Amino acid sequence: EDEGALLAKGRKAEKKNEGKVGFKNGFKLESPDGESNMKISGRVQLDGRTFDNEASDDITDTWDIRRAYLGVSGTFNKYYGYKINGSFGSSTTLDVAQFDLKYFKPAQLRFGQFKTPMSLEERTSSRFINFTERSYVNNGILTTAKQQGVMLFGTPMKGLNYGLAMVNGYGQNVDMADADDDGFKYIAHVDADLATMNKWKNKVFHVGFNYATQDNADISIFASGSQSSLGKGQSFFALVDPTGELDTSTFGLEFAGANGPFKVQAEYAKTELDTDANNQDINAYYLEAGWLISGESYADSYKSSSDGGKFDRIKPAQAFNPTNFTGGAWELMAGVSKFDASDVTTTSAGFTRAATDTSEADSWRVGLKFIPDANTRILVNYINTDFDTAINSTTNKNEKALNVRMQYDF
């Protein structure tokens with residue numbers, strides 16, 4: 001009996017020193033004390049697109065590996081966070097590489113290449129956005145996405161989040177172009193969820209504010225990008241012929257409200273491009289509404305954290321059972337979005353647009369989403385876009401697109 005007691009005691013001590021291995025929306029390893037962990041994650045998105053255009057057959061119907069990511073993230077010794085993602089789609093590139101100092105929850109520091117907190121839609125992972133593509137607000141001139149730099153961020157109180165970032169301002173894996181003239185881009189964001197603050201069950205009431213500014217920006221960065229339709233068919237706008245120094249400032253507002261299976265989400269953003277020759281504005285907005293037909297609650301997928309409030313994974317009340325065709329979640333979405341660069345004409349000073357482009361686009365879209373389980377999504381979107389003028393040297397002022405996405409992530 002004494003020997004058995006000693007063996008049992010020894011086995012209990014061994015178990016205490018064992019780490020944990022498990023799977024919950026990703027493979028996770030955890031140290032015995034729970035202060036260090038590593039999660040392996042990935043995603044693949046296969047998109048199909050087909051088009052029907054007025055007086056134009058110049059868009060190719062296609063299947064496309066939209067995204068293929070693989071990465072690791074986690075915490076080391078409780079106070080140090082990390083995340084590294086690689087993108088393996090049409091090209092192999094570094095997506096995210098960040099390191100966090102988490103000594104004090106209300107004021108944390110992040111270094112490396114990371115997603116800035118600007119815009120609710122941008123903070124929301126492509127895995128969980130409302131449609132197959134983000135809106136016109138998600139444009140490099142209007143929204144600063146993944147950048148290299150440093151950020152102070154945190155949650156001073158439950159439901160209130162902020163971020164202050166200083167970044168290069170030129171996109172992923174891009175250093176400063178001219179050390180003598182370029183200025184860093186400064187970003188400020190704050191959001192609050194009144195439902196979290198007031199413990200309103202089954203509800204979301206999210207409001208947020210975004211601001212960004214950059215002096216002496218490298219104008220070639222803004223001139224090299226282009227804006228595509230929400231159906232990913234036509235590229236209809238790009239800045240050309242920049243002259244002189246460029247200063248930019250962006251202002252944005254965001255809102256999301258949800259009650260049980262119903263949701264409304266909207267954003268507005270405006271950027272001023274100030275050159276030696278002129279001051280021009282570009283702005284965009286979207287308004288979207290969703291209904292979880294199967295009855296799940298949007299509040300369960302909303303996360304208010306130090307990274308900023310955002311919508312996350314929708315988990316069906318019951319996983320889909322193919323033997324009797326029961327379970328899974330169904331979601332119906334509808335929305336409108338507008339891109340307006342009417343200040344930028346073919347003859348405007350400072351910046352112009354090409355004669356084959358247009359300055360305005362209006363899109364409306366509807367979508368049906370099937371979520372068999374928490375890690376799988378199937379999306380079907382119909383998108384109608386009207387352009388202000390004919391584009392690409394045709395009489396084409398309209399694009400109709402049908403987009404399909406098959407997605408798995410862990």
Side-chain angles (χ1 to χ4, degrees), residues 24-26 105-106 117 119-132 134-135 137 153-163 189-210 253-268 285-321 326-336 365-381 407 409-410:
K24 185 178 180 182
N25 302 322
K105 189 175 181 180
S119 168
L120 169 61
E121 191 179 45
E122 178 59 37
R123 291 194 307 279
T124 303
S125 170
S126 66
R127 298 169 294 167
F128 311 129
I129 55 178
N130 294 328
F131 296 95
T132 54
R134 293 182 172 96
S135 71
V137 172
F153 66 105
T155 303
M157 60 181 291
K158 194 171 184 179
L160 178 65
N161 313 294
Y162 75 93
H189 164 79
V190 62
D191 70 71
D193 178 41
L194 302 185
T196 299
M197 291 178 171
N198 294 285
K199 298 181 180 180
W200 297 338
K201 292 183 178 181
N202 214 29
K203 293 178 173 57
V204 175
F205 197 96
H206 170 106
V207 291
F209 168 80
N210 304 292
L253 294 172
E254 58 189 51
F255 168 78
N259 184 12
F262 302 101
K263 178 178 77 168
V264 176
Q265 183 174 323
E267 286 192 70
Y268 171 81
Y285 72 83
Y286 72 84
L287 174 62
E288 297 167 356
W291 173 30
L292 280 165
I293 305 170
S294 48
E296 289 80 4
S297 174
Y298 282 109
D300 293 337
S301 70
Y302 178 82
K303 307 296 182 185
S304 180
S305 68
S306 55
D307 280 327
K310 59 186 177 182
F311 288 95
D312 205 82
R313 191 181 306 275
I314 293 173
K315 300 176 182 178
Q318 179 185 350
F320 176 65
N321 186 340
T326 59
W330 291 88
E331 183 183 23
L332 183 65
M333 296 295 309
V336 296
R365 50 187 174 173
V366 292
L368 181 64
K369 193 178 302 171
F370 177 49
I371 308 172
D373 55 58
N375 301 89
T376 310
R377 286 188 168 203
I378 302 171
L379 295 78
V380 179
N381 289 179
Q407 171 184 302
D409 80 281
F410 62 90

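Worth saying up front: this structure is predicted, and the values here are computed from it rather than measured. Residue numbers start at 1 and run along the sequence shown.
Remark: F311 engages Y302 in a ring-ring contact (aromatic ring centres under 6.0 Å, His included) (not counting sequence neighbours). Remark: N210 engages H189, E254 in a side chain to side chain donor-acceptor pair (under 3.5 Å) (not counting sequence neighbours). Considering only residues two or more places apart in sequence or on other chains, F128 meets the ring-ring contact (aromatic ring centres under 6.0 Å, His included) condition with none of them. For N381, the side chain to side chain donor-acceptor pair (under 3.5 Å) test picks out T132, with sequence neighbours left out. Applying the side-chain contact (heavy atoms from CB on, under 4.5 Å) rule to L287 yields the partners V264, A266, V336; only residues at least two apart in sequence or on another chain are considered. With sequence neighbours excluded, the residues forming a ring-ring contact (aromatic ring centres under 6.0 Å, His included) with W330 are F370, listed by chain and number.
Using modelled atom types, one side-chain atom of R134 and one backbone atom of E121 make a donor-acceptor pair closer than 3.5 Å. Remark: the backbone N or O of K303 is not paired with any side-chain donor or acceptor of D312 at under 3.5 angstrom.
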Determine, stepwise, if the pair E267 / S119 fulfils side chain to side chain contact (heavy atoms under 4.5 Å, CB included).
CA-CA 8 Å; E267 286 192 70; S119 168; 3.1 Å; yes
If you apply the rule side chain to side chain contact (heavy atoms under 4.5 Å, CB included), what do you find for F131 with L379, and how did you get there?
CA-CA 8 Å; F131 296 95; L379 295 78; 5.8 Å; no
Steps toward side chain to side chain contact (heavy atoms under 4.5 Å, CB included) verdict (Y162, L160):
CA-CA 7 Å; Y162 75 93; L160 178 65; over 6 Å; no
Would K203 and L194 satisfy side chain to side chain contact (heavy atoms under 4.5 Å, CB included), going step by step from the backbone distance to the final call?
CA-CA 9 Å; K203 293 178 173 57; L194 302 185; over 6 Å; no
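From I371, atom CD1 reaches atom CD of Q407 across 9.5 Å, with rounding to the nearest 0.5 Å. Here CD1 of I314 is found 5.0 Å from CZ of R377. Values are rounded to the nearest 0.5 Å. Between T326 atom OG1 and Q318 atom CD the span is 5.0 Å, to the nearest 0.5 Å. The CG atom of N321 sits 12.0 Å away from atom CG of D373, with the distance rounded to the nearest 0.5 Å. Atom OH in Y286 sits 14.5 Å away from atom OH in Y268 (nearest 0.5 Å). Interatomic distance, CD1 of I129 versus CG of L120, reported as 11.5 Å (0.5 Å rounding).
Ion pairing of E288 with K263 is absent here, as no side-chain N (NZ or NE/NH1/NH2) approaches a carboxylate O to less than 4.0 Å. A salt bridge between D409 and R127 is present, with a side-chain N of the basic residue lying under 4.0 Å from a carboxylate O of the acidic one.
Shortest non-hydrogen contact noted between F262 and W291 is CE2-CD1, 3.3 Å. The shortest non-hydrogen separation linking S294 to A329 is OG-CA, 3.2 Å. Scanning all heavy atoms of the two residues, the minimum distance from A334 to V366 falls at CB-CG1, 4.2 Å. Minimum heavy-atom separation, P156 to P106: CA-CB, 4.0 Å. Between P117 and R123, the shortest heavy-atom contact is O-NH1, 2.7 Å. A pairwise comparison of heavy atoms in M197 and A192 identifies CE-CB, 3.7 Å as the closest pair.
For the residue pair N161 / S304, a side-chain donor-acceptor distance below 3.5 Å is found, with atom types taken as modelled. Defined by atom type and a distance below 3.5 Å, a donor-acceptor pair is missing between the side-chain atoms of D300 and S297.
Residues T196 and H206 are not in side-chain contact: their nearest non-hydrogen atoms beyond the backbone lie 4.5 Å or more apart.
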